[in-house]
Amino acid sequence: MEENAIWEPKVDAFFLRGQQEGVFRIDFSAATLTELWLGTVIALIDGERRGRIPRAPLAQLAEQAFLQGVMRQDGTATA
């Protein structure tokens, strides 16, 4: 049995429940949201391990990057 087979359905269910409650967008499947979340977390952990980003704000960075995206908060873009 694959290692992630235990927790993956639980995370999918979390995102599906959030979609049903109107918390998460529905144009991505719950499985897609799970993969996006996992990819974000793995990338941050790897960056910390390699010394590219500090360890302290990892949880906050993961939450902000996933829930708020990486767009500027004022919604404007620069060229």
Side-chain angles (χ1 to χ4, degrees):
M1 180 180 243
E2 203 173 316
E3 196 175 294
N4 59 350
I6 294 170
W7 56 264
E8 200 169 72
K10 294 177 183 180
V11 179
D12 288 349
F14 167 79
F15 284 119
L16 180 59
R17 188 170 50 254
Q19 288 173 314
Q20 292 167 340
E21 294 174 2
V23 176
F24 299 123
R25 53 193 292 173
I26 60 171
D27 56 331
F28 293 127
S29 70
T32 299
L33 293 175
T34 296
E35 296 300 323
L36 288 168
W37 171 251
L38 181 60
T40 300
V41 170
I42 289 172
L44 288 171
I45 291 170
D46 181 61
E48 184 273 330
R49 183 187 58 79
R50 293 182 294 122
R52 291 183 45 83
I53 58 175
R55 179 179 215 163
L58 282 184
Q60 182 180 6
L61 286 171
E63 179 182 345
Q64 288 177 352
F66 187 76
L67 294 177
Q68 299 171 4
V70 294
M71 290 186 62
R72 290 172 44 155
Q73 292 303 308
D74 63 8
T76 61
T78 59

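Because the structure is a prediction, the values reported are computed rather than measured.
- Contacts of Phe14 classified as side chain to side chain contact (heavy atoms under 4.5 Å, CB included), with partners at least two apart in sequence or in another chain: Arg17, Phe24.
- Residues that satisfy the side chain to side chain contact (heavy atoms under 4.5 Å, CB included) test with Ile42, not counting sequence neighbours, are Leu38.
- By the side chain to side chain contact (heavy atoms under 4.5 Å, CB included) test, Ala43 pairs with no residue at all, sequence neighbours left out.
- Remark: Leu36 engages Thr32, Leu33, Phe66 in a side chain to side chain contact (heavy atoms under 4.5 Å, CB included) (not counting sequence neighbours).
- Under the 4.5 angstrom side-chain criterion for Ile, Leu, Val, Met, Phe, Trp and Tyr, Ile26 has no cluster partners at all.
- Under a hydrophobic-cluster definition in which Ile, Leu, Val, Met, Phe, Trp and Tyr are linked whenever side-chain heavy atoms come within less than 4.5 Å, directly or via other members, Leu16 and Trp37 are assigned to different clusters.
- Interatomic distance, CG of Asp12 versus CD of Gln19, reported as 9.5 Å (0.5 Å rounding).
- Atom CD in Glu35 sits 13.0 Å away from atom CZ in Phe28 (nearest 0.5 Å).
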Tell me which donor-acceptor pairs under 3.5 Å the side chains of residues 48-63 have, and how far apart each pair is, sequence neighbours excluded?
| from | atom 1 | to | atom 2 | distance (Å) |
| --- | --- | --- | --- | --- |
| Arg49 | NH2 | Asp46 | OD1 | 2.6 |
| Arg50 | NE | Asp46 | OD2 | 2.8 |
| Arg50 | NH2 | Asp46 | OD2 | 3.3 |

